[in-house]
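Worth knowing before you read on, the calculation uses all heavy atoms, side chains too, and leaves out hydrogens, waters and symmetry mates. First listed ligand is number 1; within each ligand, the first listed atom is number 1. If you're wondering where the values come from, they're calculated on a predicted model, not measured in any experiment.
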Amino acid sequence: MSNVFASTHPLVAHKITRMRDQYTLSKKFRELVREVAALMAYEATADLQVATRTVQTPLEQTQGYELKEPIGLIPILRAGLGMVEGIWELMPSAEVWHIGLYRDERTLKPVAYYNKLPIAPTVSVCLILDPMLATGGSAIATVDILKEWGVNKIKFVGILAAPEGIAALQAAHPDVPIHIAAIDNHLNEHGYIVPGLGDAGDRQFGTG
Ligand code: PRP
Ligand code: URA
């Protein structure tokens, strides 16, 4: 599990508990997704490369830093959408490239339905955003797409993971770090994370 980073931050623990609560309504749930995503991105980007930059303060010239690598935020539709805003506020120059996948309810395999990536990669670091890492199928398919695109520095940033999903993503792509707010107990027979928070897409968008 060396490439797996589960948050130990009290703010994250507090907020995901509110997300799990079945009585938390969509508006609050969306707020929490946005806030937890920002906290997770802060942790996941601790090793981004910087270049030095000279800056003139009102008092004197000093040396500072700026981000060096173009960053891509890759939300997996739909549920990953809610994670974009909070992270984008922290890194407004990031590009956002959506990947549309849904999980077939019967086979639990991901089905691709949206991908408008240009032919050549325009970023060098990609943060895949999806609140739920269940079987891992959607995350693995997205890493496959990004590697095929030509990006090799890829991180998965999520909120809840099942051990099964972590194992599958690590087996398929051991080079991809997994930053997750919490690791839950298991998947149930329908592929839902237990104890989990239910359907992250439905809870954000008021569907289902
Ligand atoms: C959910 C979730 C992930 C996927 C995780 O999406 O947001 O994308 O399932 O499951 P996996 O790890 O087993 O692939 P879903 O397919 O429900 O689509 P939605 O976001 O449009 O609701
Ligand atoms: N997708 C969800 O939204 N929730 C789960 O528990 C598993 C997959």
Engineer: Under 4.0 Å from a heavy atom of A79: give me the atoms of ligand 1 that qualify, with their elements.
Structural biologist: 7 (O), 20 (O)
Engineer: Is any N or O atom of I193, backbone or side chain, closer than 3.5 Å to an N or O atom of ligand 2?
Structural biologist: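 Yes - when backbone and side-chain N and O of I193 are compared with those of ligand 2, one distance drops under 3.5 Å.
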Engineer: Is the contact between T135 and ligand 1 made by the side chain, the backbone, both, or neither, using heavy atoms and a 4.0 Å cut-off?
Structural biologist: both
Engineer: T207 and R78: side-chain donor and acceptor closer than 3.5 Å?
Structural biologist: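 Yes, because at least one side-chain N or O of T207 sits under 3.5 Å from a partner of the opposite role on R78.
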Engineer: Determine whether more than 12 heavy atoms belonging to other residues, nucleotides or ligands lie under 6.0 Å from atom CD of E66.
Structural biologist: yes
Engineer: E95 versus I71: any side-chain heavy-atom pair under 4.5 Å?
Structural biologist: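 The answer is no, as the side chains (C-beta and beyond) never meet within the 4.5 Å cut-off.
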Engineer: May I ask you to identify the nearest protein heavy atom to atom 5 (C) of ligand 1, giving residue, atom name and distance to one decimal place in Å?
Structural biologist: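 The closest heavy atom on the protein side is M132 O, 3.5 Å.
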Engineer: Under 4.0 Å from a heavy atom of G136: give me the atoms of ligand 1 that qualify, with their elements.
Structural biologist: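 Numbered from 1, ligand 1 contributes 11 (P), 12 (O), 13 (O).
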Engineer: Considering heavy atoms of the protein only, find what lies nearest to atom 14 (O) of ligand 1 and give residue, atom and distance to 0.1 Å.
Structural biologist: S138 OG, 2.6 Å
Engineer: Under a heavy-atom criterion of less than 4.0 Å, does P131 contact ligand 1?
Structural biologist: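 The answer is no: ligand 1 sits nowhere under 4.0 Å from a heavy atom of P131.
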Engineer: Please check whether A134 reaches ligand 2 - meaning an N/O of the residue sits under 3.5 Å from an N/O of the ligand, judged on distance alone.
Structural biologist: no
Engineer: In the protein, what heavy atom is nearest to atom 17 (O) of ligand 1, and what distance, to one decimal place, separates them?
Structural biologist: D199 OD2, 4.1 Å
Engineer: Distance under 4.0 Å to a non-hydrogen atom of Y102: what atoms of ligand 1 satisfy this?
Structural biologist: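 Answer for ligand 1: 16 (O).
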Engineer: Within 4.0 Å of atom 8 (O) of ligand 1 (strictly less), any protein heavy atom?
Structural biologist: yes
Engineer: With a cutoff of 4.0 Å, is R103 in contact with ligand 2, counting heavy atoms of the residue only?
Structural biologist: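 Right, R103 reaches ligand 2.
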Engineer: Could you tell me the residue and atom name of the protein heavy atom closest to atom 5 (C) of ligand 2, and the distance to it rounded to 0.1 Å?
Structural biologist: Y192 CD2, 3.4 Å
Engineer: Can you establish whether the number of heavy atoms outside K109 located under 6.0 Å from its atom NZ is more than 12?
Structural biologist: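 No, not enclosed.
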Engineer: Looking at atom 1 (C) of ligand 1, tell me if a protein heavy atom falls under 4.0 Å from it.
Structural biologist: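 Within 4.0 Å of atom 1 (C) of ligand 1, no protein heavy atoms are found.
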Engineer: For the residue pair Y113 and Y102, does the interplanar ring angle fall in the parallel (under 30°), tilted (30 to 60°) or perpendicular (over 60°) class?
Structural biologist: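 Correct class here is tilted.
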Engineer: Determine whether any heavy atom of G198 lies closer than 4.0 Å to an atom of ligand 2.
Structural biologist: yes
Engineer: Kindly say whether P118 contributes a backbone atom to a donor-acceptor pair with the side chain of W149 at under 3.5 angstrom?
Structural biologist: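 At least one qualifying donor-acceptor pair exists.
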Engineer: Please write down residue, atom name and distance for the protein heavy atom closest to atom 3 (C) of ligand 1.
Structural biologist: D130 OD2, 2.9 Å
Engineer: Tell me whether E31 is salt-bridged to R34, with the criterion being a basic N under 4.0 Å from an acidic carboxylate O.
Structural biologist: no
Engineer: Applying a strict 4.0 Å limit to heavy atoms, is G196 in contact with ligand 2?
Structural biologist: no
Engineer: In the protein, which heavy atom is nearest to atom 22 (O) of ligand 1, and how far is it?
Structural biologist: R78 NH2, 3.0 Å
Engineer: Among protein heavy atoms, which lies nearest atom 3 (O) of ligand 2, and at what distance?
Structural biologist: A200 N, 2.8 Å
Engineer: Using a strict cut-off of less than 4.0 Å between a Lys/Arg side-chain nitrogen and an Asp/Glu carboxylate oxygen, indicate whether K147 and D175 qualify as a salt bridge.
Structural biologist: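 Judged by the 4.0 Å cut-off on N to carboxylate O distance, K147 and D175 do form a salt bridge.
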Engineer: For Q204 and A200, indicate whether the former's side chain and the latter's backbone hold a donor-acceptor pair under 3.5 Å.
Structural biologist: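 Pair found, side chain donor or acceptor close to backbone of A200.
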Engineer: So does E105 have more than 12 non-hydrogen atoms from other groups sitting under 6.0 Å from CD?
Structural biologist: no
Engineer: Does one side chain, of H98 or N115, offer a donor that lies under 3.5 Å from an acceptor on the other?
Structural biologist: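 Side chains of H98 and N115: no pair found under 3.5 Å.
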Engineer: Please determine if A134 has a nitrogen or oxygen closer than 3.5 Å to a nitrogen or oxygen of ligand 1.
Structural biologist: yes
Engineer: Rounded at 0.5 Å granularity, tell me how far NE2 in H9 sits from OH in Y42.
Structural biologist: 8.0 Å
Engineer: Any side-chain donor paired with an acceptor under 3.5 Å for S7 and E43?
Structural biologist: yes
Engineer: Heavy-atom contacts with R103 under 4.0 Å: which atoms of ligand 1 show up? List them by number with element.
Structural biologist: 9 (O), 10 (O), 11 (P), 13 (O), 14 (O), 16 (O)
Engineer: Against heavy atoms of G191, which atoms of ligand 2 measure under 4.0 Å?
Structural biologist: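 Near G191, meaning under 4.0 Å from one of its heavy atoms, ligand 2 has 7 (C).
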